[in-house]
Number of protein chains: 2
Amino acid sequence: MATIFDVARVAGVSTKTVSRVLNNEARVADDTLARVRAAVADLDYRPNPNARSLAGRRSYLIGLFYDNPSRNYMADIMGGAIRRCQEKGYHLLTEPCEADDPNLPRLMVSVAARFRLDGLILTPPIVDRQDVLDAIAQANVPLIRIAPRTDPARTPHVHMDDEAAARLAAYHLADLGHTRLGMILGHPDHGAAELRQRGFMDAAAERGLTLSPDHIMPGDFSFARGFAAAEQLLALPNRPTAIFAGNDDMAAATVAAANKHGLQVPRDLSVIGFDDSPIAQVIWPPLTTIRQPTMAMAAAAVDLLIGDSDPEPVRQLGFELMVRQSTGPVGG
Amino acid sequence: MATIFDVARVAGVSTKTVSRVLNNEARVADDTLARVRAAVADLDYRPNPNARSLAGRRSYLIGLFYDNPSRNYMADIMGGAIRRCQEKGYHLLTEPCEADDPNLPRLMVSVAARFRLDGLILTPPIVDRQDVLDAIAQANVPLIRIAPRTDPARTPHVHMDDEAAARLAAYHLADLGHTRLGMILGHPDHGAAELRQRGFMDAAAERGLTLSPDHIMPGDFSFARGFAAAEQLLALPNRPTAIFAGNDDMAAATVAAANKHGLQVPRDLSVIGFDDSPIAQVIWPPLTTIRQPTMAMAAAAVDLLIGDSDPEPVRQLGFELMVRQSTGPVGG
DNA sequence: GTGAAAGCGCTAACAA
DNA sequence: TTGTTAGCGCTTTCAC
């Protein structure tokens with residue numbers, strides 16, 4: 001393995017100059033630059049990341065702390081972050097943790113200090129823990145939050161407009177002629193759940209549609225709760241002709257419940273989900289749903305941390321209505 | 001942040017002695033050991049991993065190279081590996097890559113050398129690339145393969161007995177009284193696909209059941225192919241009363257196809273899958289399937305790499321038949 | 001059983 | 001614009 005000394009020797013310069021080139025510092029003569037670059041290519045030299053972070057103040061390492069709420073969500077987050085890191089010459093350190101561990105602030109600061117992490121990315125739900133935020137701020141570690149629900153101004157963050165997305169769901173259903181709308185809510189502890197409810201109901205009201213209280217069922221984002229809620233909804237004498245579920249798992253559960261009760265989707269019931277998780281396309285009929293840009297959010301978080309992009313401290317990403325076959329005109 | 005010097009000073013020993021304690025080397029006097037341990041605890045000292053791997057020959061870092069074939073599978077692999085690493089004081093470096101990148105051998109060796117990785121874990125399909133294996137062997141980097149299908153004796157590895165698992169599926173169906181069995185095969189490039197087919201057919205034959213050729217459909221592990229295959233199977237005049245799909249995605253597709261054609265599962269058709277992926281439990285009825293211990297396999301791979309366990313170079317993990325509601329006695 | 005000193009490969013501060 | 005000299009915090013010789 002070639003070292004920086006080898007490169008310096010071949011290029012006929014000092015190691016510091018090589019270092020300058022490596023780190024894109026200004027003030028390097030063009031021909032020096034070229035010679036160093038050539039030597040690097042020649043020797044297939046790659047800096048040793050350990051030496052780099054030991055000597056310097058950066059590590060090219062980003063820490064992702066999470067308390068795995070949903071498998072698919074985390075897979076998307078990690079996938080998006082890892083790929084972007086790779087593109088930028090960074091690496092991702094993934095640290096599972098316990099959302100209610102009282103020791104979490106100390107743990108995170110300690111890991112950040114020892115590895116000289118260039119920054120931290122947090123996802124829900126720990127993204128909203130005040131003691132964690134305090135500790136990170138005090139330790140002066142750069143932090144990007146993904147989808148924070150409290151105190152958003154406190155740190156740079158990445159999010160999407162859940163409320164506007166839910167509005168879109170309501171418009172879609174209204175456009176199809178549905179008037180008896182039902183909804184299965186998300187987990188009450190999850191800020192997005194409330195936003196989705198508000199957006200959906202407001203937009204429905206705009207179109208002159210009000211949801212009767214017994215058409216609004218509590219839920220918790222799980223298939224099981226969604227299934228039970230859907231069964232109740234479908235047993236109602238004036239059952240809704242269209243149901244908006246707070247996420248795809250519950251939407252899938254609604255489709256399953258409809259099947260079980262001999263109702264055909266979308267002829268007898270339209271169902272719309274939220275997330276565009278993999279399940280949306282591995283059931284029949286495939287779900288109409290809102291595509292949440294989870295991978296893109298993680299990638300944007302990396303960008304913000306690296307500071308390689310525009311310096312906006314807040315990034316709002318777009319969503320998309322994926323119209324598939326679980327929704328259709330009222331009455332088939 | 002405390003350094004090794006601080007610990008040495010507090011314990012009244014040299015840094016080398018602290019280092020000995022940290023690395024569990026033999027020949028440290030009991031009271032010295034105790035004093036050092038006390039100092040470490042006192043100062044809440046944690047060795048700097050960068051300094052450690054720069055100076056020493058280990059990094060406490062394990063590399064996982066993968067070409068994300070299936071989201072759920074990789075999430076399980078990563079989850080299992082990360083958790084076990086964390087327990088053992090290691091960290092996991094996750095490196096997505098391209099399975100057909102001709103440069104892969106060089107890339108992997110380079111990353112391993114620069115990070116001084118303590119070892120590599122490979123998953124299908126790159127686990128079977130000969131040039132990759134050659135390069136890793138030549139670079140003398142410890143390697144554990146997960147579910148290799150070619151040349152298993154070549155390296156230590158972790159796997160499960162796909163064939164025996166598939167036999168179990170056949171016995172289950174036979175025990176329920178089914179005689180007209182169908183099967184949807186996995187991807188032909190995937191070694192496990194063949195093993196599952198062989199196990200299923202052999203076990204069926206044992207019970208005096210032979211699958212008619214038109215009841216064996218090719219597939220590729222995808223929902224879409226599975227759906228098409230199931231539709232063909234169900235359109236047959238003497239359609240099977242039970243179908244074994246090569247994985248859960250295709251089993252879910254089979255249930256969906258049955259629904260679409262007005263057949264009720266399991267009354268009119270029993271379906272059994274393979275993997276016990278999350279989808280198995282978010283459809284209706286939930287799938288009877290073989291639980292594949294993916295997380296445990298990844299954890300075992302870490303164990304083998306760290307050498308912290310029994311020194312067997314091959315580890316075979318158990319599977320489990322998860323009987324749920326997609327299978328039932330023939331004729332309902 | 002323990003310690004002194006010399007690096008690991010790089011960047012930081014300061015000089016030139 | 002470039003080079004010199006110290007470290008970063010640890011493990012490794014090789015003595016004792």
Side-chain angles (χ1 to χ4, degrees), chain A residues 1-37 39-40 43-61 89-91 110-118, chain B residues 1-37 39-40 43-61 89-91 110-118:
Chain A
M1 279 284 116
T3 74
I4 199 171
F5 285 93
D6 301 320
V7 177
R9 188 167 32 72
V10 169
V13 297
S14 74
T15 60
K16 176 59 203 175
T17 298
V18 177
S19 175
R20 283 200 183 91
V21 173
L22 259 31
N23 295 292
N24 294 315
E25 286 176 33
R27 305 193 183 182
V28 179
D30 282 354
D31 66 321
T32 315
L33 193 86
R35 283 216 313 286
V36 172
R37 290 244 168 93
V40 166
L43 297 164
D44 191 29
Y45 166 77
R46 314 283 186 86
N48 178 316
N50 293 123
R52 234 177 173 181
S53 41
L54 182 56
R57 53 174 80 88
R58 1 181 26 183
S59 61
Y60 298 91
L61 252 185
Y90 280 67
H91 289 272
S110 155
V111 170
R114 290 188 300 118
F115 279 94
R116 287 224 210 304
L117 295 186
D118 289 357
Chain B
M1 280 283 118
T3 74
I4 199 172
F5 285 94
D6 300 322
V7 177
R9 189 168 31 71
V10 170
V13 297
S14 74
T15 60
K16 173 60 201 171
T17 298
V18 177
S19 175
R20 283 198 183 92
V21 173
L22 258 32
N23 295 293
N24 295 315
E25 288 177 34
R27 304 193 187 179
V28 179
D30 281 355
D31 66 320
T32 315
L33 193 88
R35 283 216 313 285
V36 172
R37 291 242 168 93
V40 166
L43 296 165
D44 190 29
Y45 166 76
R46 315 283 185 89
N48 178 316
N50 293 123
R52 233 176 172 181
S53 40
L54 182 56
R57 53 174 80 86
R58 7 188 12 191
S59 61
Y60 298 91
L61 251 186
Y90 280 68
H91 287 273
S110 156
V111 170
R114 291 187 299 116
F115 278 95
R116 287 222 211 305
L117 295 185
D118 289 358

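Just so we're on the same page: letters track the sequence lines, and every chain starts at 1.
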Closer than 3.5 angstrom, by distance alone: can the side chain of B:R52 be matched with the main-chain N or O of B:P47 as a donor-acceptor pair?
no
Protein-nucleotide distance (A:E25, atom CD; D:dT1, atom C1'), rounded to Å:
12 Å
May I ask you to decide if A:L54's main-chain N or O and A:R116's side chain share a donor-acceptor pair within less than 3.5 Å?
yes
Starting at atom CG of B:N23, determine the distance to atom C1' of D:dC10, rounded to an integer number of angstrom.
10 Å
Roughly how many Å is it from CZ in B:R52 to P in C:dG9, rounded to a whole number?
19 Å
Return yes if some donor-acceptor pair links the side-chain N/O of B:R35 with the main-chain N/O of B:A11 below 3.5 Å, else return no.
yes
Taking only the side-chain nitrogens and oxygens of A:Y60, find out if one of them lies under 4.0 Å from OP1 or OP2 of C:dC10.
no
A:F5 CZ to D:dT4 C1', straight-line distance once rounded to whole Å
11 Å
Within the distance-only criterion (no hydrogens, no angle test), does the side chain of B:D118 pair as donor or acceptor with the backbone N or O of B:R58 below 3.5 angstrom?
no
With respect to the side chain of B:R57, which nucleotide from C:dC10, D:dT12, D:dT11 is positioned closest?
D:dT12
A quick test of your reading: do over 12 heavy atoms of other residues, nucleotides or ligands sit less than 6.0 Å from CG of B:D31?
yes
Please list all pairs meeting salt bridge (charged side-chain N to carboxylate O under 4.0 Å, His left out) that have one or both residues in residues 3-17 of chain B, counting only residues at least two apart or in different chains.
B:D6-B:R9, B:K16-B:E25
Most 5' of A:R58 and B:R27 on DNA chain C, judged by nearest nucleotide
B:R27
Please list each protein N or O that sits under 3.5 Å from an N or O in nucleotides 4-8 of chain C, with the distance.
| unit_1 | atom_1 | unit_2 | atom_2 | d |
| --- | --- | --- | --- | --- |
| C:dC8 | O2 | B:L54 | O | 3.4 |
| C:dC8 | O2 | B:A55 | N | 3.2 |

Under 4.0 Å between any heavy atoms, over every strand shown, what does B:S53 touch: base, sugar-phosphate, or nothing? Just pick one.
nothing
Keeping the roles fixed (side chain from B:T17, backbone from B:V13), state whether a donor-acceptor pair exists under 3.5 Å.
no
Is any side-chain N or O of A:T17 closer than 4.0 Å to OP1 or OP2 of D:dG3?
yes
So if I take every side-chain heavy atom of B:I4 and compare against D:dC10, D:dT1, C:dG1, which nucleotide ends up nearest?
D:dC10
Select one nucleotide: of C:dT11, D:dC10, C:dA12, the one nearest the side-chain heavy atoms of A:S19.
C:dT11
Phosphate contact (D:dC10 OP1 or OP2) by B:N50 side-chain N/O below 4.0 Å:
no
